[in-house]
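Throughout, residue positions are numbered sequentially from 1 according to the sequence presented. Atoms considered below: every heavy atom in the structure, side chains included; atoms not considered: hydrogens, waters and symmetry mates. Being a predicted model, the structure only gives us computed values, none of them experimental.
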Amino acid sequence: MRGWRKYKVRETTEAIVGAVTGSLAAPSSLLLGRYDNDGCLQYTGRTTTLAQTVSSRVAELLAPAQRGHPWRGWSFSAGWGSRGTLNVTLVEPELVVEVGIDVARDASGRWRHPAVLHRARPDLSPADVPHMTSPPR
């Protein structure tokens, strides 16, 4: 049999929750980040829509953002090729989550496709999350 087969390469990794779509009490998706080598929290991507039970569990672990949130004043695209922006609620960047990601990244190192939330990792601190790296050129 001849032909092409397409394989999506996925990996599991950790990221820091920096914002949510929807309300803080019932987040629809999580906006994720990682610190760069200069110590700035950079946006890496967002999750797929959360199931209601998962949303409730994650909401219990989130806290509203305090002054000085690194993403204050930022806007986030609603999707590839979209001019729309997401309505987000910033949260304290303290919660670490484990996500499944497609390894495809854009030129700035952000994940090209939404991440799938596997679980919250309250046993990890943001310092335990790998730093954001640019993809090889």
Residue pairs fulfilling side chain to side chain donor-acceptor pair (under 3.5 Å) with at least one residue in residues 55-69, sequence neighbours excluded: none
Pairs flagged by side chain to side chain donor-acceptor pair (under 3.5 Å) wherever residues 23-32 is involved - sequence neighbours left out: Thr21-Ser29
Test item: Val91 and Pro64 side chains (from C-beta on) under 4.5 Å apart, heavy atoms: no
Shortest non-hydrogen separation from Ile101 to Trp111 and the atoms involved: CD1-NE1, 3.3 Å
Exercise: identify the closest heavy-atom pair between Thr13 and Pro130: OG1-CG, 4.2 Å
Separation between CG of Leu30 and OG1 of Thr47, rounded to the nearest 0.5 Å: 4.0 Å
Greater than 12 external heavy atoms within 6.0 Å of Asp123's CG: yes
Contact summary for Ala120 and Val97, nearest pair of heavy atoms: CA-CG1, 4.0 Å
Heavy-atom closest contact (Arg72 atom, Ala65 atom, distance): NH2-CB, 4.1 Å
Validation row: Asp102, Arg112 side chains within 4.5 angstrom (heavy atoms): no
Pairwise distance CG(Leu90) to CH2(Trp71) - rounded to 0.5 angstrom: 8.0 Å
Closest non-hydrogen atom pair between Leu24 and Ala63, with its separation: CD2-C, 4.4 Å
Pairwise distance OH(Tyr43) to CG(Leu32) - rounded to 0.5 angstrom: 7.5 Å
Euclidean distance, Ile16 CD1 relative to Leu31 CG, rounded to 0.5 Å: 13.5 Å
Residue list, side chain to side chain contact (heavy atoms under 4.5 Å, CB included) with Glu98, at least two apart or on another chain: Thr12, Glu14, His118, Arg119, Arg121
Test item: Asp36 side-chain N/O and Asp38 main-chain N/O as donor-acceptor pair under 3.5 Å: yes
side-chain hydrogen bond (donor to acceptor under 3.5 Å, both in side chains) partners of Asn37, counting only residues at least two apart: His131
Counterpart residues, side chain to side chain contact (heavy atoms under 4.5 Å, CB included), relative to Pro114 (two or more places apart): Thr48
With Gln52 via side chain to side chain contact (heavy atoms under 4.5 Å, CB included) - residues at least two apart: none
Which atom of Pro126 lies closest to which atom of Val96, heavy atoms considered: N-CG2, 3.7 Å
Path from Val99 to Val116 over hydrophobic side-chain contacts below 4.5 Å: no
Within-4.5 Å side-chain heavy-atom neighbours: Leu117 and Val58: yes
Value rounded to 0.5 Å, distance of CZ in Arg46 from CZ in Phe76: 11.0 Å
